[in-house]
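Since this is a predicted model, take the numbers as computed values, not measurements. Values below: all heavy atoms of this structure, side chains included; hydrogens, waters and symmetry mates excluded.
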Amino acid sequence: MAVHGLDFLFAVHSPSGGGVDGIKNLYTFAWYAENNESFTNFEGMAEPFGEHVFYTDGHPALGFFWKPIVQLFGLKGLSAHLLSFLIHLSWLLTPIPLFLLFRHFKIRHGIAIAGAIGFTLLAPQILRDGGHYALAYTIALPLSWWLTIRALRDGLPWKQLIVLTLIHTWWLGTHAYLGVMTIVFSSLLLGIEWLRSVKNWKRLLAPIITGIIPIILFLGFLNLTDTHSCRIDTPYGYFDFLSSPRSIFFPQTGPLAEYTSQLGWNTKWEGWSYIGLSAGLMLISFIFWGYQAVRKQQVTWVLVILPSLIAAGVLFLVACGQPFIWIGRSSIENFPVLEQFRGIGRFAWPFYFVLTTLALIMLETFVANRPKAVGTPISVAFFLLLAFEGLYQQRVLDTLRSDVEHPFSFSAPAAYENAINSINTSETDVLLPLPYFHVGSEAYGRFADGNMEEETLLLSYHTGKPTFGAHLTRASLNESRQLLELLASASSPKTIGHELDLTQQVCLINDGTPMDPDEQDWWDRGTEFYNENGIALRSLPLSELIQRTEGAYAPFRPKGANQLDSNEVYFFEPFDSIEQDIQWEGNGHAEYPCDEFSVIYSTEPDSTWLGKRFMATLYMRGPEDACLEGKYQLNAQLIAQYATGDQVDFVALNTPKQASEHPMNGQWAKTYVTFDMTEAIPERLDIMVKGEWRCEGPIKVDALEIVELTN
């Protein structure tokens, strides 16, 4: 509080360091607690579908308890402040489990107290306070580590195992990454200690109880309550948000960070786990001390923390992506559960707490075996340097806050009060930002231009009205597609609308940001009722938005200059199963834009297709610059859909995330979709391509083949 001021526990300013992520993560928790009707389905975004609360980054476990309190006692406006209070309270409390850990490792009181405070100030979770709030709890890992060690020390009593299980379940319900991180670290530590001791099989129940039970509860609740289907199987980013040794030893802020960055030693923000210069220098001395300790057989000061060091080291290797780098990056495709972790660099955080503890153990050992005239100055220098870096990092937090009034507080910022009051909430059912934003599925989406997302979420929160716009973690591909169809031209088919109240109005929002032609068409159809302070609002009957007018089959007609010649079919083994180069033989490839649905082939199935299963294979190629850290990212999809008249039934899609570990043949990737016609035959089968949200185009395709599957 001395560093940040009196508003440390209750934020009064809008965080800006996390960008729209910061605003969205406040909004999802506050909207759920104060406006949501469903217990499990978040209703503020992606109307009329919403999203399961576990996919909103909105502290669902806390929301389950806070929501009934808010709505019972009318505490609207407190929710976002509650998050700030709990996050910062965790910072104030983190030195307690750290101090207990240090005392367990026989570190004297003075060093333990100073180290607990200093390494809390420098904790990597601190900089998550700019937007990733569910990951900003510094107390999570130290508390789990201490409770695990205490349970081991006391013989694994049931009461302590139950407490550890409940805490792990809570962190899973706060953020899946945080929960998995604490569970795996604790379970590895319990397993290592079991291997070191007499292998009592009853003791093996400890990691099962404290680790597997929370995961079963989490997944069981999710599977029972999640009504959204067809999420993306291979989200972008597993190998693109890794940690590295640089993240441990090189700072992310301060003058030294600027110097190391100039040398090309910069670190990635997802893997930030900087232990501080003082701890780093102390650990480097381990190269000499460790040799001397082994030679003199005085290694007890290392052995006491060795199990924790091994457990954290395993997680650090995972954070660096090493297991799959060693055996081949494409091997991650065999582990779909692990492939869901797009920010794996965060798993370096246990290594931060274990390494800093090891540094203190070394400092304690050094001081204890030397005269005060030598030990005291070294201790003072160690903690002065730690204090400087820790306080500097705390000051960096000031740059993560803007001077804008908090958007989700008791009252709206003054600039928006008139706009909010002008919306007739009794006649308005939903908000529609133009330009439209939809982030989350990676396949059907677009980022908001200007400040449209922040302004839309602010209006949504204060009016209690949901928005068609979405910024969610793993949005359903089917639902995302239907929402984007809504924004297509008025002549295009609409598959959305069955859950909307068509007697109500939609409120169109624009802040002067240029719109696409289709969006401009909707805006022109609306009736303006507010235009002040750069915010313009218009009303449009929902029935008009949903109803399709007469016109062309716009979203699905071919857009490419050339169609594939059905005779140009060539056969190759999939790229990931061969090592040698193969010359590409196709010469009839077609090009399509990334941002449109492009039909590349259509056929009219007859009765011979009935009751059979088929596979369409195709070679696709994305932009030349789509190679990220050696992994070829195509960012385009192959899609199959049935069409009968104007009715379209989306049936299958696939995104070739990786052509091979060593991209070949100009980075062509083979992909496929499977589909069947077991009940009815559509009038038309369309094979389409569509770019994902990072695709810059054009998409090149060649060698289409449709074959019957006989097995």
Side-chain angles (χ1 to χ4, degrees), residues 18 20-21 24-25 27-29 31-32 36 38 40-61 63 131-135 172-181 215 218-241 270 332-333 335-347 437-448 453 457 466-484 633 635 637 639 650 652-655 657 690-695:
V20 292
D21 264 355
K24 183 268 295 184
N25 291 336
Y27 165 84
T28 51
F29 177 73
W31 208 99
Y32 171 80
N36 222 69
S38 170
T40 59
N41 194 61
F42 176 70
E43 299 162 342
M45 289 182 176
E47 175 75 2
F49 306 108
E51 177 59 286
H52 193 277
V53 291
F54 279 6
Y55 290 96
T56 64
D57 288 327
H59 295 71
H132 287 182
Y133 304 106
L135 294 170
L172 269 175
T174 300
H175 195 287
Y177 282 90
L178 199 59
V180 171
M181 201 183 308
I215 292 176
F218 176 83
L219 294 178
F221 179 83
L222 182 61
N223 289 329
L224 287 173
T225 58
D226 185 12
T227 59
H228 306 268
S229 61
C230 196
R231 301 187 189 278
I232 192 164
D233 292 328
T234 55
Y236 167 84
Y238 184 91
F239 289 108
D240 303 299
F241 301 106
E270 281 287 10
I332 184 64
E333 297 172 3
F335 302 90
V337 174
L338 296 180
E339 203 171 8
Q340 289 290 323
F341 289 89
R342 63 194 304 172
I344 203 71
R346 304 161 183 168
F347 282 72
F437 64 87
H438 182 89
V439 181
S441 73
E442 298 186 9
Y444 305 98
R446 63 181 79 178
F447 283 103
E453 181 170 338
L457 298 186
T467 171
F468 282 124
H471 187 153
L472 300 163
T473 307
R474 294 285 191 275
S476 162
L477 297 170
N478 273 334
E479 295 168 4
S480 300
R481 182 187 186 210
Q482 292 182 65
L483 285 167
L484 263 73
Q633 194 77 16
N635 294 323
Q637 291 187 324
I639 304 167
F650 160 87
L653 65 82
N654 186 33
T655 300
K657 285 292 181 182
K690 170 70 170 66
E692 293 190 1
W693 63 276
R694 287 181 181 269
C695 179

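- In terms of heavy atoms, Thr174 sits closest to Pro60 at O-CD, 3.9 Å.
- Considering every non-hydrogen atom in both His438 and Ala475, the closest pair reads NE2-CB, 4.1 Å.
- A side-chain donor-acceptor contact under 3.5 Å links Asn41 to the backbone of Phe49.
- For Asn223 (side chain) and Leu219 (main-chain N/O), a donor-acceptor pair under 3.5 Å exists by modelled atom type.
- The line from CG of Leu222 to CG of Leu172 is 11.0 Å long, rounded to the nearest 0.5 Å.
- Within the 4.5 Å cutoff, the side chain of Ser38 has heavy atoms near those of the Glu43 side chain.
- Using a 4.5 Å cut-off on side-chain heavy atoms (C-beta onward), His132 and Asp57 make no contact.
- For Glu51 (side chain) and Thr56 (main-chain N/O), no donor-acceptor pair under 3.5 Å exists by modelled atom type.
- Within the 3.5 Å criterion, the main-chain N or O of Ser229 finds a donor-acceptor partner in the side chain of Ser476.
- Note: Lys690 NZ to Ile639 CD1 = 7.5 Å, rounded to the nearest 0.5 Å.
- By the ring pair (Phe, Tyr, Trp, His ring centres under 6.0 Å) test, Tyr177 is found to be paired with His175, Phe341, residues two or more places apart in sequence or in another chain being considered.
- For Phe218, the ring pair (Phe, Tyr, Trp, His ring centres under 6.0 Å) criterion is met by Phe54, not counting sequence neighbours.
- Using bins of under 30°, 30° to 60° and over 60° for the plane-to-plane angle, the ring pair Trp31/Tyr27 lands in the tilted bin.
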Quick one: do Thr467 and Glu47 satisfy side-chain contact (heavy atoms from CB on, under 4.5 Å)? Show the steps, please. CA-CA 6 Å; Thr467 171; Glu47 175 75 2; over 6 Å; no
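- In this structure, the side-chain hydrogen bond (donor to acceptor under 3.5 Å, both in side chains) partners of His471, at least two apart in sequence or on a different chain, are Asp21, Glu453.
- Val53 and Phe42 get closest at one heavy-atom pair: CG1-N, 3.9 Å.
- Side-chain contact between Leu472 and Tyr55 is absent, with no heavy atoms from C-beta onward closer than 4.5 Å.
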